[in-house]
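Everything below concerns the one structure shown next.
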Number of protein chains: 2
Amino acid sequence: MMVAKEHLMQFGIRPSVQRVAVMHYLLTHRTHPTVDEIYTALAKEIPTLSRTTIYNTLHLLCEHGAALALCIDGINAHFDGFTHPHAHFMCTCCGKVYDVDLDDASFVKRNTPHNASHITDAQLYYKGVCVDCAAKKSN
Amino acid sequence: MMVAKEHLMQFGIRPSVQRVAVMHYLLTHRTHPTVDEIYTALAKEIPTLSRTTIYNTLHLLCEHGAALALCIDGINAHFDGFTHPHAHFMCTCCGKVYDVDLDDASFVKRNTPHNASHITDAQLYYKGVCVDCAAKKSN
DNA sequence: AAACATTTTTGTAATCCCTACAACTAAGTA
DNA sequence: TACTTAGTTGTAGGGATTACAAAAATGTTT
């Protein structure tokens with residue numbers, strides 16, 4: 001929890017109990033959780049917790065660069081506490097979102113659109129079927 | 001319209017009046033329209049048109065590879081009738097979606113996730129402010 | 001052509017994610 | 001303590017999308 005608190009302060013975010021809990025969850029669960037998954041998990045620790053707080057907090061984290069919002073499917077947003085350059089792969093079968101390392105991190109920056117005044121976000125998304133789901137299907 | 005019909009048939013899609021109209025709209029409007037934009041435009045030609053048909057048709061086009069669904073924001077899907085490899089840039093100010101050419105089209109394929117059995121889609125999205133909006137703001 | 005089967009379209013109802021907003025609570029300041 | 005600001009909570013509402021069943025159109029067989 002200490003790490004999460006310091007993490008927030010480094011990004012200029014005042015560490016309330018709820019914010020620390022959300023940040024801590026993101027740092028200890030690299031599963032790219034949805035709002036609901038975070039809410040369900042944290043509601044056990046903080047019984048008075050509201051879904052709106054999760055939404056508010058995640059917006060705040062994204063604004064300050066402490067988290068990343070992934071719009072990989074049109075269903076619901078996924079969030080990532082790790083903001084170093086990397087891509088994501090979503091299995092359309094089980095819904096899991098995996099990290100994808102890039103062999104050339106400069107590629108995304110290099111191809112920045114010419115008609116952009118400034119870029120706030122760049123994301124590379126893959127969709128398909130993961131090996132786990134493919135194995136289950138062939139059984 | 002002839003082009004759109006043949007285009008559909010090449011992808012194994014039976015060319016109904018509505019499907020041809022949607023495909024034709026995508027091929028003649030490179031604006032990455034939303035369902036609502038397509039519906040509003042085509043309802044003038046086809047007064048009995050239903051929004052559901054637009055949804056159904058776009059799903060069908062995407063399944064057969066005749067169109068691309070862009071989930072660049074969480075608000076609503078945008079569609080692209082041009083399926084050659086390219087990225088997209090959305091201006092968070094005016095909402096327009098622009099095409100972005102890539103200097104190395106092999107990059108995306110090369111970085112395909114290791115734990116993927118097979119990939120059905122790969123998209124690179126940029127978000128920011130376009131030069132038009134930046135110019136308006138500075139006035 | 002007629003009868004039948006299949007495909008496609010249509011419209012309504014319902015679902016679900018997310019946001020708006022106002023009241024409540026907690027924290028910081030003088 | 002009194003006051004001000006910041007943060008949280010819950011409900012209500014908006015808006016994109018889907019489910020579903022009826023209607024219409026198309027294709028097929030006799």
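So that the names make sense, note that chain A is the first sequence line, chain B the second, and so on, each numbered from 1.
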To the nearest Å, give me how far apart [atom1] ([X]) and [atom2] ([N]) are.
| X | N | atom1 | atom2 | result |
| --- | --- | --- | --- | --- |
| A:I54 | C:dT19 | CD1 | P | 14 Å |
| A:I13 | D:dA6 | CD1 | C1' | 14 Å |
| B:D73 | C:dT19 | CG | P | 11 Å |
| A:D36 | C:dC16 | CG | P | 11 Å |
| B:R51 | D:dA19 | CZ | C1' | 17 Å |
| B:N76 | D:dT18 | CG | P | 12 Å |
| A:E37 | C:dC17 | CD | C1' | 14 Å |
| A:E63 | C:dT19 | CD | P | 11 Å |

_If you only use heavy atoms from C-beta on, which nucleotide in D:dG10, C:dT9, D:dT8 is closest to the side chain of A:S50?_
D:dG10
*When you check the gap from the basic side-chain N to the acidic O, do A:R30 and A:D80 get nearer than 4.0 Å?*
no
*Which part of the nucleic acid, if any, lies within contact of B:T48, taking any heavy atom under 4.0 Å across all strands shown: a base, the sugar-phosphate backbone alone, or nothing?*
sugar-phosphate
Under-4.0 Å side-chain N/O to phosphate OP1/OP2 contact, [X] with [N]:
| X | N | result |
| --- | --- | --- |
| A:T52 | D:dG10 | no |
| B:Q18 | D:dA25 | no |
| B:R14 | C:dT6 | no |
| B:Y55 | D:dT17 | yes |
| A:T53 | D:dT9 | yes |
| A:H59 | C:dC18 | no |
| A:S16 | D:dA6 | no |

_Which is more 5' along DNA chain D, the nucleotide nearest A:L60 or the one nearest B:N56? Just name the residue._
A:L60
*What residue among B:T52, B:T57, B:I54 forms side chain to side chain contact (heavy atoms under 4.5 Å, CB included) with B:V35?*
B:I54
_The test is salt bridge (charged side-chain N to carboxylate O under 4.0 Å, His left out); show your working for A:D73 and A:K127 and say whether it passes._
CA-CA 9 Å; A:D73 63 357; A:K127 288 187 195 175; over 6 Å; no
*Mind listing the closest non-hydrogen atom pair of A:A69 and A:Y125 along with its distance?*
O-OH, 4.1 Å
_Toward the 5' end of DNA chain C, by each residue's nearest nucleotide, B:I46 or B:G74_ = B:I46
*Any side-chain heavy-atom pair from B:L70 and B:M90 closer than 4.5 angstrom?*
no
